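Sequential numbering from 1 along the given sequence is applied to the chain's residues. Given the structure is predicted, the values throughout are model-derived calculations rather than measurements.
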Amino acid sequence: MPPRRWRCLCIISWWFLCLRGATSVLPFGRGSDDAAAAAATPQAEAPPCPDESPTLRSATQRDPARRSVRFENYVDAELALFWIDAAGAEVAQGTVMPLAETSRDSYDGHAFRVRSAANQSLVLAEHVVGNQRGSTRPHQPDVVAVRACGALSRTNARSTLRDAEFRALIHPPQECDESTPSKDWSCVRYLGPEQLKKRDPRKYGIQPNETTPARAHITVDDTYVAQIPRIPRVTTSPGYQKMSFTQNLKDILVDWYAQRRNDSLKPHGVIPGGYTNNDKVSIDKVNLDDFPGVHAAVVREMRHILEFWTNLTLKHTSTFGVRVYRRDSCLINHVDRMDTHLASAVLQIAQDADDGWPLELYLADRRVAEVYLQPQELVLYEGAWLRHGRPMRFNGREFANVFSHFAPPDWRGPSHDAASMYYGIPENRLTTLADPPWRVLTSDHFVKASTAEEMAAAPHEEL
């Protein structure tokens, strides 16, 4: 490819990544070989941890410049973050999860201290905002890289102590009993192209009165898909797995949500990306960010569950909700962010439905799975390559979900060696009903094309 065209392609690819809201991923290595070698060989002894400074405190300045501070945790342990006031006292600022990062808005001259959450006598880092090289630029964020020291390790071997517990909660394959109401289903129903063609377009996808004619009845995103053949598997499964809540998840979420939906339910606001119709059909939320203790507890438990499922060390990238969907909500099939959403989960907390509302998955070999959940169940899935959504319009009053996303620490996005990472990339990745030569784009539009040229010439809707 000529250099000029290559530069244009890079610029376009970066533009799409920015639209998806890219965040930095901590550079822990290039691939599975590096990760396996690191796990198999003893880690180098960490340097001593720094001494606590008795004089650290935030400066009192007139009109100090605002600045964001990003704390990057390169340690496989939770860290406790503190702001230091003008008298030198610590004020808790939350937790930095293992191998993850968090940001805080602050001011030049303000001070922070990072301690081990498990042993708070152990200081890992101290930082004064604005003292970093490059901080003369007012909008340049400070970056605090917290690395292993003392007895803390960079990475730990995955614990297997709870594997038997998790294994007992996995749901075996179960067909849906179509003689019973779908709102009571906990099962997976598999569909082929003929069944998809028979769907009533009024019950699927974004409707003509909610969007432009080009997007009417759309059920599958056909734009942000170039990453799909470039994302390695992180499990040996078909890319998804149903299971029941652990007792920990029940204790964390069930009673808490029942209480908070009565005093903390707020309008959600429009979800960017164009995959939902919530600009026309409003939804609500109980914002986990307002309950940091609950949020952290969910993240801890989901890391254990997803590491069991993948048999990989994972870093947390995003957990949000509780999203409370309302009647006629829909979410078209799509793939998630390729840099951060490799191992994910949807947690079904509560529902008040007239019909079941399945998570739809576009599987290899021209099959579609409808995954039906009951409250206190969840589905694990590999969302960066597996198309998923809820294109069926919700028929009910309330459907409450939490979403949690993780990625291996050494994953930095698709690269030339992605096929050799983790569990590789299967040859049948592009054999779904959304890929040529067969493509179902909308609930009333089925396209068959035998060549890429015919596929390009066939009419289709785009977001």
S.K.: Tell me the closest heavy-atom pair linking Tyr190 and Arg367, and the distance in Å.
M.R.: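 Looking at all heavy atoms of both residues, the closest pair is CD2-NH1, 3.7 Å.
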S.K.: For a side chain to side chain donor-acceptor pair (under 3.5 Å) check, start with the C-alpha distance between Asp410 and Tyr422, then their side-chain angles and the critical distance, and finish with the verdict.
M.R.: CA-CA 10 Å; Asp410 59 347; Tyr422 319 127; 2.6 Å; yes
S.K.: List the atom of Ile349, the atom of Pro375, and the distance in Å for their closest heavy-atom pair.
M.R.: O-CB, 3.6 Å
S.K.: Of all the heavy-atom pairs spanning Ile170 and Gln241, show the shortest one and how long it is.
M.R.: CG2-NE2, 3.2 Å
S.K.: Assess the side chains of Glu307 and Asn311: does a donor N or O sit below 3.5 Å from an acceptor N or O?
M.R.: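 The criterion, which ignores hydrogens and geometry beyond distance, is not satisfied for Asn311 and Glu307.
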S.K.: Enumerate the ring-ring contact (aromatic ring centres under 6.0 Å, His included) contacts for residues 366-390, please, sequence neighbours excluded, ordered by first and then second residue.
M.R.: Trp185-Tyr372, His334-His388, Tyr381-His388
S.K.: Arg300: which residues meet the side-chain hydrogen bond (donor to acceptor under 3.5 Å, both in side chains) condition with it, sequence neighbours left out?
M.R.: Glu78
S.K.: May I ask you to check whether Trp309 and Phe166 place their ring centers less than 6.0 Å from one another?
M.R.: no
S.K.: Of the non-hydrogen atoms in Leu430 and Pro229, which two are nearest, and what is the gap between them?
M.R.: CD1-CB, 4.0 Å
S.K.: Do we see a donor-acceptor contact under 3.5 Å between the side chains of Glu72 and Tyr74?
M.R.: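 Result is yes, a qualifying pair exists.
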S.K.: Going by the rule ring-ring contact (aromatic ring centres under 6.0 Å, His included), which residues pair with Tyr240 if we only count those two or more places apart in sequence or in a different chain?
M.R.: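 ring-ring contact (aromatic ring centres under 6.0 Å, His included) list for Tyr240, sorted by chain: empty.
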S.K.: Is Pro141 close to Val69 at the side-chain level, that is, under 4.5 Å between some pair of heavy atoms?
M.R.: no
S.K.: Any side-chain hydrogen bond (donor to acceptor under 3.5 Å, both in side chains) involving residues 165-174? Give me the pairs, sequence neighbours left out, ordered by first then second residue.
M.R.: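 Passing the test, one end in residues 165-174: Arg162-Glu165, His171-Lys242, His171-Ser244.
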S.K.: Less than 6.0 Å separating the ring centroids of Phe394 and Phe399?
M.R.: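 Yes - the distance between ring centres of Phe394 and Phe399 falls below the 6.0 Å cut-off.
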S.K.: Under the side-chain hydrogen bond (donor to acceptor under 3.5 Å, both in side chains) rule, collect the residues that match up with Ser159, sequence neighbours excluded.
M.R.: none
S.K.: Using the test side chain to side chain contact (heavy atoms under 4.5 Å, CB included), find all partners of Asp105 that sit at least two apart in sequence or belong to another chain.
M.R.: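 Listed in chain order: Arg66, Ser68.
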